[in-house]
Protein chains: 2
Amino acid sequence: MQMEQIKEAITCFPCLADITEEDWKENGISVVTLPANHIIHEGEFLESAALIMHGTVRMYKLGENGREVTLYRIHDGGCCPLMASSILGETAYEANVWIEKPTTVLFIPARIFQRWMGTYMSFRQFIFKSFAERLIIMSNLIDNMVFKSIRIRICEYLLDRTTEGQHSLTTTHDQLAIELGTAREVISRTLKAMEKEGLIHLSRGQITNIQREQLLELVE
Amino acid sequence: MQMEQIKEAITCFPCLADITEEDWKENGISVVTLPANHIIHEGEFLESAALIMHGTVRMYKLGENGREVTLYRIHDGGCCPLMASSILGETAYEANVWIEKPTTVLFIPARIFQRWMGTYMSFRQFIFKSFAERLIIMSNLIDNMVFKSIRIRICEYLLDRTTEGQHSLTTTHDQLAIELGTAREVISRTLKAMEKEGLIHLSRGQITNIQREQLLELVE
DNA sequence: TCCTGCTATGTGATCAAGTTACAGAACAGC
DNA sequence: GCTGTTCTGTAACTTGATCACATAGCAGGA
């Protein structure tokens, strides 16, 4: 690892600030940039923990029929607990990874990762917090899937991805279905119904004219 | 903490074997037995981590309509990551807890828990492994809910709870529904259909004559 | 420009699962 | 036995998933 890279890593992960220069010099620590649209399949083993410096990766589950559910995403400055658990718990991580944007990753070999976890409190707390966050995200996902209608879930998604000033969204029905873990046809039908009610306007690859206020009412 | 209790705690959690006597003497560490059928509601804050020495607790989500999903259970020698995350990540844990059997819990105040995590490697690894396990359990739960039919999920549940020699199960349709995160009526209908096909026999509070071999075939 | 192929969307028919609304059976305690 | 409670069964209906296409929009080459 070069001084440059170390500095950048610390910028992305303030919790690494305490790491000594010797520790950074350990063999096997590296910064790698992965191209977009790369996939890592379920069940592969990792010998390194991966901290995401820049970019976006999506963790998802794949059904036999080809349908998908997105479990969660990891963005700049995040780490993927499922991957980390694969190196800690000696189990292969049980999900697929989809690199959505070109992504720069800091790889830390399992044995060094383990040692740093013992030595550096801020690093340890950061990793723990990542675990805790994902657990909560996943339990809330279960909650949503079990108790909410897709219509409401679509509304929440649209509200999430837009702002007061930004009333349109570039996405396909297919992508939406993958996000929410349902079928494309279900999304198409529901969106069409919403369009008829004047809540949105549809065109190829785009949802425009999103009536945020009315959606907010529906969601409560 | 008395010597007796410390010994028992170590029996339940071998990872605590290294803890020094001084550390055990810290204020606030305690062993408490909670009665069955006690509930801890979503959103409450905890100031202690809870390690389950004996007993069973169930973590679950509750919908507005009263329906439930069981996220997972913790048994003897386990610890609850969602609870631990509430003391680590400063977020209230977002699930309900149902004490199913009288349960003996080792409580460790947050501040001591944090310190032990730094000092004791075996303790740290144990806690991490607990997190990793639950993440995997939850992601598999999502996988099951999204991609498998309830019929298959019921079969898997029945196979899980029985053995080669044990072809019956004491449970109500209501309990099954809660386990699988669906409605009681759906379970009743599906079980009835399975009974007609000769896969099981139903009586009040019991499922008997479970044809494990045939169920195994269905599940593949 | 038209043709071709690919991706995205729309829609009907059908099936599976969740909801509503009961009725009746089995059991527990008196 | 009677009574209240818990558990189970079922019909009718809504929502969501699957299957099977039809059509529309767009891109690139002939």
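Every chain is numbered from 1 and lettered A, B, ... according to where its sequence line falls, protein lines coming before strand lines.
For A:Arg189 against C:dT11, a side-chain-to-base donor-acceptor contact under 3.5 Å is absent. In the interface, the side chain of A:Arg151 is not paired with the base of D:dT15 through any donor and acceptor atom under 3.5 Å apart. Contact of B:Arg184 with D:dG9 (side chain to base): a donor-acceptor pair of N or O atoms is detected under 3.5 Å.
Within the nucleic acid shown, A:Thr190 has no heavy atom closer than 4.0 Å to any nucleic acid atom. Residue-level contact check: A:Arg67 touches the backbone only, with heavy atoms under 4.0 Å from sugar-phosphate atoms and none from bases.
Looking at A:Ser188 and A:His173, their side chains do bring a donor and an acceptor atom within 3.5 Å of each other. A side-chain donor from one of B:His201 and B:Thr208 sits under 3.5 Å from a side-chain acceptor of the other.
Of the two residues near DNA chain D, B:His173 and A:Ala183, the one whose nearest nucleotide lies more 5' is B:His173. Take the nearest nucleotide of DNA chain C for A:Thr172 and for B:Val186: the residue whose nucleotide is more 5' is A:Thr172. Ranked by how close their nearest DNA chain C nucleotide is to the 5' end, A:Gln206 and A:Phe147 are led by A:Gln206.
In summary, A:Glu179 and A:Arg161 do not engage in a salt bridge, as defined by a charged side-chain N under 4.0 Å from a carboxylate O. Of the charged side-chain nitrogens involved, at least one lies within less than 4.0 Å of a carboxylate oxygen, so that A:Arg58 and A:Glu68 count as a salt-bridged pair.
Atom NZ in A:Lys192 sits roughly 20 Å away from atom C1' in D:dG16 (whole-Å rounding). Atom NZ of A:Lys148 and atom P of D:dT14 are 24 Å apart (whole Å). Per the geometry, CD belonging to B:Glu185 stands 14 Å off P belonging to D:dC7, to the nearest Å. Between the CD1 atom of A:Ile187 and the P atom of D:dT18 there is a distance of 13 Å, given to the nearest Å.
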